[in-house]
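Inspection log for the structure reproduced underneath, given as structure tokens.
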Amino acid sequence: MQRELLETWVDGYHLGSPYLLVPSLDVCTFPRFDPVELVSHPPIIDRALREVESDTVGVTPSSVEAAARDLAPYLAPTPLQYSRAFPDKARCYVYIKVESIQPIRAFKVRGALTKVMRLHPEERSAGVITASAGNHGQGVAYAAAAFNIPATVYVPETANQLKVEAIRRLGAQVVPAGRNYNDAYIEAMRHQEQGGATFVHAFDDPDVIAGQGTIAVELLRDLEDVDTVLVPIGGGGLIGGISVYLKEKRPHVKVIGAEPAGADGMRRSLEAGRIVTLDRVNTIADGLAASAPGKLTFELAKRYVDEVVLVHEAEMLRAIRLVFEWEHLLAEPAGAAAIAALLYHYSPSPNEKVVVILSGANITDEVMIRALKSR
């Protein structure tokens, strides 16, 4: 088939049918408008389409791998712990990715550090600002302390005080604002516009998403033949980064999201085919209490996530108790969401190798007592 090579670049539209792609073709070697014989086949087209589409949201496997290299001097890889207790109940092989041992006891430090590292030195000197329900604020405060720059974190007045105090201990200024994350976000953005600090979004930022995706780099290094990964969903940064990397590297791997029933913005958005903002969020999992996914995270989930299941408050509480009793690990409600999804909603095959992301362990004593009493 002959077509004219009209430009010295290829855009996403012209990769679709009936257009074809020449793999490894150096278009600069051809004079403009010269006819070229184009030969290809569907797998190459599919791969090229995925790469171009990934570029449109700014997150690719290469950017995730680059983030992993950048983070290596700052963060040690977290363990992938094989469970000998959960397989009897889950009826499959179960591995726990223990993000709860990160310096802030949550995965959020990965994305925050990645964002701050990639800022120009002049940008960093002006400091950073963010809005957070807790764990992301700790991540930003930790990253700011690592680079000795100022940080301001806007938090809801109802925020988990255990997390708020941890943010202060890391040296960031904490500003209570509003009743929920959205109120804190609006106030943070207003002050960011008046000052000069860089806003570090909790989930809808390519660098933050790439940083969270480094979990998948470690996962494949430790367990090449993984079948399924269960990931908690709040705003979608964690599952966005993990899913883009896994699906591009191991397309057969299933990526399943676990979202609170009282904060199911991602699932509703995927069902509607557009971003849906919840009027009300009601969940014990403050780390997953987003009213809507971000633009980038929604596009990634739409493209790469196989399924989103909803978990309930009682299920997360029981999962906290079981992971404590059986594995001697702490999990906050958000951190236990993926385990709850495995125990109560996902039906694996007998020999399936399933990884659950234990995303955080910043649990208050009140919630821990409720969890230990749950049955």
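- Between Leu329 and Gln81, the closest side-chain pair of non-hydrogen atoms falls below 4.5 Å.
- The shortest distance between side-chain heavy atoms of Phe147 and Pro121 does not fall below 4.5 Å.
- The minimum heavy-atom distance linking Met316 with Pro260 is given by the pair CE-CB, 4.3 Å.
- At least one side-chain heavy atom of Arg250 sits less than 4.5 Å from a side-chain heavy atom of Leu220.
- Residues Phe107 and Ile357 share a single hydrophobic cluster, defined by chaining ILVMFWY side chains whose heavy atoms lie under 4.5 Å apart.
- Tested against Glu271, the residues Arg268, Arg267, Arg274 include a single salt bridge (charged side-chain N to carboxylate O under 4.0 Å, His left out) partner, Arg267.
- At a cut-off of 3.5 Å, with distance as the only test, no side-chain donor of Thr152 or His191 sits close to an acceptor on the other residue.
- By the rule that hydrophobic residues join a cluster once side-chain heavy atoms approach within less than 4.5 Å of another member, Val155 and Ile186 end up as members of separate clusters.
- Follow the hydrophobic side-chain contacts under 4.5 Å out from Leu223 and you reach Tyr82 in the same cluster.
- Taking each heavy atom of His201 and Tyr181 in turn, the nearest pair found is CE1-OH, 4.0 Å.
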**Report entry** side-chain contact (heavy atoms from CB on, under 4.5 Å) between Ile320 and Leu372, worked out
**Finding:** CA-CA 8 Å; Ile320 291 169; Leu372 292 176; over 6 Å; no
Query - Glu259/Leu288 under side-chain contact (heavy atoms from CB on, under 4.5 Å): CA gap, chis, key distance, verdict - result: CA-CA 7 Å; Glu259 192 170 37; Leu288 305 179; over 6 Å; no
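- The distance between the ring centers of Tyr245 and Tyr304 does not fall below 6.0 angstrom.
- Side-chain contact check for Glu332 and Asn160: no donor-acceptor pair (N or O, by modelled atom type) lies under 3.5 Å.
- Rounding to the nearest 0.5 Å places CD1 of Ile239 at 8.0 Å from CD1 of Ile256.
- Under a 3.5 Å cut-off, the side chain of His136 and the backbone N or O of Gly111 do not form any donor-acceptor pair.
- Val140 and Val208 fall within the same hydrophobic cluster, where Ile, Leu, Val, Met, Phe, Trp and Tyr residues are linked whenever their side-chain heavy atoms come under 4.5 Å apart, directly or through other members.
- Atom NZ of Lys89 sits about 10.0 Å away from atom CG of Leu342, to the nearest 0.5 Å.
- Looking at Ser63, its side chain never comes within 3.5 Å of a backbone N or O of Val59 through a donor-acceptor pair.
- Shortest non-hydrogen contact noted between Leu278 and Gly265 is CD1-N, 3.7 Å.
- Of all the heavy atoms in Ala90 and Pro348, the pair that sits closest is O-CG, 3.4 Å.
- Contact check for Asp306 versus Lys247: side-chain heavy atoms found under the 4.5 Å cut-off.
- Listed for the Gln212 side chain is no donor-acceptor partner under 3.5 Å among the backbone atoms of Gly241.
- In this structure, His312 contributes its side chain and Ala314 its backbone to no donor-acceptor pair below 3.5 Å.
- Arg321 contributes atom CZ, which lies 10.5 Å from atom CE of Met368 (distance to the nearest 0.5 angstrom).
- Follow the hydrophobic side-chain contacts under 4.5 Å out from Val355 and you reach Val305 in the same cluster.
- Within the structure, the side chain to side chain donor-acceptor pair (under 3.5 Å) test picks out the following pairs touching residues 337-358 (sequence neighbours left out): Asp225-Lys353, Thr228-Tyr346, Thr228-Glu352, Lys254-Tyr346, Glu315-His345, Arg318-Tyr344, Tyr346-Glu352, Ser349-Glu352.
- To the nearest 0.5 Å, atom OH of residue Tyr185 and atom CD of residue Gln192 are 9.5 Å apart.
- Remark: side-chain polar atoms of Glu248 are not paired, donor with acceptor, to backbone N or O of Leu246 under 3.5 angstrom.
- A distance of 12.5 Å separates CD in Gln138 from OG1 in Thr130, rounded to the nearest 0.5 Å.
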Query - Chi angles and distances behind the side-chain contact (heavy atoms from CB on, under 4.5 Å) call for Ile242, Leu219 - result: CA-CA 10 Å; Ile242 287 175; Leu219 194 159; 5.7 Å; no
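- Around the CZ atom of Arg370, the shell of radius 6.0 Å holds no more than 12 heavy atoms that belong to other residues, nucleotides or ligands.
- With a 4.5 Å cut-off on side-chain heavy atoms, Asn180 and Asp183 count as touching.
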Report task. List the steps and the verdict of side-chain contact (heavy atoms from CB on, under 4.5 Å) for Val128 and Leu119. Result -> CA-CA 10 Å; Val128 289; Leu119 293 177; 4.0 Å; yes
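- Put simply, the side chain of Val116 reaches to within 4.5 Å of the side chain of Ile149, judged on heavy atoms.
- In this structure, CG in Asn135 is found 5.0 Å from CG in Asn362, a value given to the nearest 0.5 Å.
- Closest of all the heavy-atom pairs between Leu170 and Ala145 is O-CB, 3.8 Å.
- A donor-acceptor pair is defined here as one N or O able to donate and one able to accept, closer than 3.5 Å; such a pair exists between the side chain of Arg124 and the backbone of Met117.
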Per-pair distances, 0.1 Å, donor-acceptor, side chain in residues 91-99, under 3.5 Å, sequence neighbours excluded:
unit_1: Arg91; atom_1: NE; unit_2: Asp88; atom_2: O; d: 3.4
unit_1: Lys97; atom_1: NZ; unit_2: Thr78; atom_2: O; d: 2.8
unit_1: Lys97; atom_1: NZ; unit_2: Thr78; atom_2: OG1; d: 3.0
unit_1: Lys97; atom_1: NZ; unit_2: Glu218; atom_2: OE1; d: 2.7
unit_1: Glu99; atom_1: OE1; unit_2: Gln102; atom_2: NE2; d: 3.0
unit_1: Glu99; atom_1: OE1; unit_2: Arg110; atom_2: NE; d: 2.8
unit_1: Glu99; atom_1: OE2; unit_2: Thr78; atom_2: OG1; d: 2.5
unit_1: Glu99; atom_1: OE2; unit_2: Arg110; atom_2: NH2; d: 2.8

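- Considering all non-hydrogen atoms of both residues, Gly237 and Phe203 come closest at N-CB, 3.7 Å.
- Enclosure of atom CD in Glu224 is not indicated, since only 12 or fewer non-hydrogen atoms of other residues, nucleotides or ligands lie within 6.0 angstrom.
- Contact annotation: the side chain of Arg221 never approaches that of Leu80 to less than 4.5 Å [non-hydrogen atoms, C-beta and beyond].
- Between the Asp204 side chain and the Thr297 main chain, a donor and an acceptor come within less than 3.5 Å of each other.
- Considering only heavy atoms from C-beta on, Ile339 comes within 4.5 Å of Phe86 through its side chain.
- At distances below 3.5 Å, not a single donor-acceptor pair connects side-chain atoms of Ser291 with backbone N or O atoms of Thr277.
- Checked options Val231, Val255, Ile233; the residue passing with Val308 is Ile233 (criterion: side-chain contact (heavy atoms from CB on, under 4.5 Å)).
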